[in-house]
Structures are given as structure tokens and as C-alpha cells.
Amino acid sequence: MLAAERILRRLGEHEVEYVLIGGFAATVHGSALRTEDVDVCPRRGASNLGRLAKALVALEAKEYDPGKGELVDRSWDADTLAADTTWILGTPFGRLDLVFQPAGTAGYDDLARSAVEVNLDGLVVRVASLEDVIRSKEAVNRPRDREQLPTLRRLLDLSGGE
């Protein structure tokens with residue numbers, strides 16, 4: 001069961017700079033589509049990656065190993081996180097995906113320019129704009145993303161977006 005608020009709160013407690021992306025970002029923008037994970041695009045840089053590593057330890061995050069088909073323990077530090085562009089993680093609160101360069105974007109700085117700050121039960125979260133969520137889902141072009149695009153475009157139209 002996904003407890004996204006608990007994951008996001010832990011990231012906030014550690015002052016991790018990130019932009020919420022993917023399906024949960026779409027949900028924050030009003031989509032009723034279901035998601036089974038929290039996707040974030042963290043800011044690169046040693047200090048932020050260090051804070052992120054501490055948050056992952058606090059979250060008891062484990063890495064998904066596709067070769068084994070299971071979650072495995074890993075030591076988290078800034079150098080480890082800098083070594084890859086995508087991390088698929090499991091936590092007691094649900095799945096957390098770290099995506100440093102989401103499809104169709106140039107990463108954190110690109111997304112942060114048009115991100116919106118949203119208050120989720122007292123926690124201020126930087127959320128990718130609906131336009132950027134759509135842009136990324138178009139670039140990924142998986143069947144499930146293509147299925148979500150009409151709903152997301154309709155939400156954008158209703159919000160007065162482009």
C-alpha cells in the first residue's frame with residue numbers, strides 16, 4: 001500500500017530538493033488515475049545527494065534488483081546516488097523512484113522552472129507542472145502513459161493551461 005505522504009514527509013525532514021513527477025504529480029494536479037509509486041526528480045549536487053542518502057536510510061529504502069526480481073539492501077551515500085540516473089526503490093511506505101533525468105526533460109533545473117509549490121497537509125512539495133508531466137509521459141510513450149494523456153490534457157484545458 002502506497003503511503004506517499006510519509007515518503008514525501010521524510011524527504012522534507014531531510015531537506016531534500018526535488019520535484020515530484022509522474023503519476024503522483026498528476027494526482028496532485030487533479031487526476032483520478034491511480035499510481036502505485038512516488039516518482040521524484042532530485043537535484044544533483046553532493047550536498048543534496050547527501051541529504052537524499054540520509055533520507056533513504058531513514059526510509060529503510062532498498063534497491064529493486066531486476067536480475068533477482070527482489071529488493072536488496074544497499075548502502076546509501078552521495079557517491080552511490082550519483083552513479084546512476086534512475087533508482088527503483090522499495091520502502092515500508094511503498095515504491096519510490098528516483099529519476100534524475102525524466103524522459104523529455106533535462107532534469108531538475110528544467111522541471112523546477114515551472115514547478116508549482118503545493119501544500120499537502122502542512123508539507124510544501126514542489127510539483128512538476130501539468131505541462132511537464134504531459135511532456136514527460138509523451139516522451140516515455142509507454143502504453144499506460146499514452147492511456148493517461150487524454151485525461152491529463154483535459155485537466156490542462158480545464159485549468160486554462162496551453
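Here, residue 1 is the first one in the sequence, and each next residue gets the next number.
The shortest side-chain heavy-atom distance between I88 and R95 falls under the 4.5 Å cut-off. For the pair N141/R146, a side-chain contact is recorded, criterion being any heavy-atom separation below 4.5 Å from C-beta on. Between L152 and S31, the closest side-chain pair of non-hydrogen atoms falls below 4.5 Å. Inter-residue side-chain proximity for D97 and V38 is flagged as unmet; no heavy-atom pair is nearer than 4.5 Å.
R6 CZ to E13 CD: the interatomic distance, rounded to the nearest 0.5 Å, is 10.0 Å. The distance from atom CG of D37 to atom CD1 of I7, rounded to the nearest 0.5 Å, is 8.5 Å. Atom OG in S129 sits 7.5 Å away from atom CZ in R135 (nearest 0.5 Å). Atom NE2 of H29 is separated from atom OG1 of T151 by 14.5 Å, given to the nearest 0.5 angstrom. From E5, atom CD reaches atom CG of D121 across 7.0 Å, with rounding to the nearest 0.5 Å. Atom CD in E63 sits 11.0 Å away from atom CG in L56 (nearest 0.5 Å).
Grouping the Ile, Leu, Val, Met, Phe, Trp and Tyr side chains by contacts below 4.5 angstrom, directly or via other members, places L89 apart from L71. Grouping the Ile, Leu, Val, Met, Phe, Trp and Tyr side chains by contacts below 4.5 angstrom, directly or via other members, places F93 with V28. In the hydrophobic clustering of ILVMFWY residues, with side-chain heavy atoms under 4.5 Å counting as a link, V118 and L20 come out together. Criterion: ILVMFWY side-chain heavy atoms under 4.5 Å apart, direct or through other members. Under it, L59 and L120 are part of a common hydrophobic cluster. Hydrophobic clustering places V16 together with L123 (ILVMFWY residues linked when any side-chain heavy atoms are closer than 4.5 Å, directly or through intermediates).
Checking side-chain atoms of W87 against main-chain N and O of L81 turns up a donor-acceptor pair under 3.5 Å. Proximity of a side-chain donor or acceptor of N48 to a complementary backbone N or O of E17 within less than 3.5 Å is detected. Not a single donor-acceptor pair under 3.5 Å links the side chain of R43 to the backbone N or O of Y18. Checked by atom type and distance alone, the side chain of S136 pairs as donor or acceptor with a backbone atom of A103 at under 3.5 Å. Between the T27 side chain and the G23 main chain, a donor and an acceptor come within less than 3.5 Å of each other.
Shortest non-hydrogen contact noted between H14 and A58 is CE1-CB, 3.7 Å. The shortest non-hydrogen separation linking V133 to G22 is CG1-O, 4.0 Å. Nearest heavy atom pair, residue C41 against residue P102, reads SG-CD, 3.7 Å. Across all their heavy atoms, G94 and T91 have their closest contact at O-OG1, 2.8 Å. Nearest heavy atoms, A53 versus A78: CB-N, 4.2 Å.
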Run S159 and D157 through side-chain hydrogen bond (donor to acceptor under 3.5 Å, both in side chains) and show every step you take. CA-CA 5 Å; S159 72; D157 289 343; over 6 Å; no
Can V72 and K62 be said to form a side-chain contact (heavy atoms from CB on, under 4.5 Å), step by step? CA-CA 5 Å; V72 295; K62 296 182 178 186; over 6 Å; no
Please lay out, stage by stage, how D77 and L49 fare under the test side-chain contact (heavy atoms from CB on, under 4.5 Å). CA-CA 7 Å; D77 60 39; L49 293 180; over 6 Å; no
With side-chain contact (heavy atoms from CB on, under 4.5 Å) as the test, would you mind laying out the steps for L149 and E138 before giving the verdict? CA-CA 8 Å; L149 285 170; E138 287 173 336; 3.8 Å; yes
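Both tests hold for R44 against F100: distance to the six-membered ring centre under 6.0 Å, angle to the ring axis within 45°.
A salt bridge is absent between K137 and D132; no separation between the charged side-chain nitrogens and carboxylate oxygens falls under 4.0 Å. Between R51 and E15 there is no salt bridge, since none of the side-chain N atoms of the basic residue sits less than 4.0 Å from a carboxylate O of the acidic one. Contact check on E131 versus R153 returns no salt bridge, with no Lys/Arg side-chain nitrogen under 4.0 Å from an Asp/Glu carboxylate oxygen.
Through side-chain heavy atoms spaced under 4.5 Å, either directly or across other Ile, Leu, Val, Met, Phe, Trp or Tyr residues, I21 is tied to V19, V99, Y108, L111.
Under the side-chain contact (heavy atoms from CB on, under 4.5 Å) criterion, R142 pairs with V140, R144, D145, sequence neighbours left out.
Among the candidates L2, V40, D39, the single residue satisfying the side-chain contact (heavy atoms from CB on, under 4.5 Å) test with L96 is V40.
Using modelled atom types and a 3.5 Å distance limit, the side chains of T86 and D84 yield no donor-acceptor pair.
Surrounding CZ of R154 are at most 12 heavy atoms belonging to other residues, nucleotides or ligands under 6.0 Å away.
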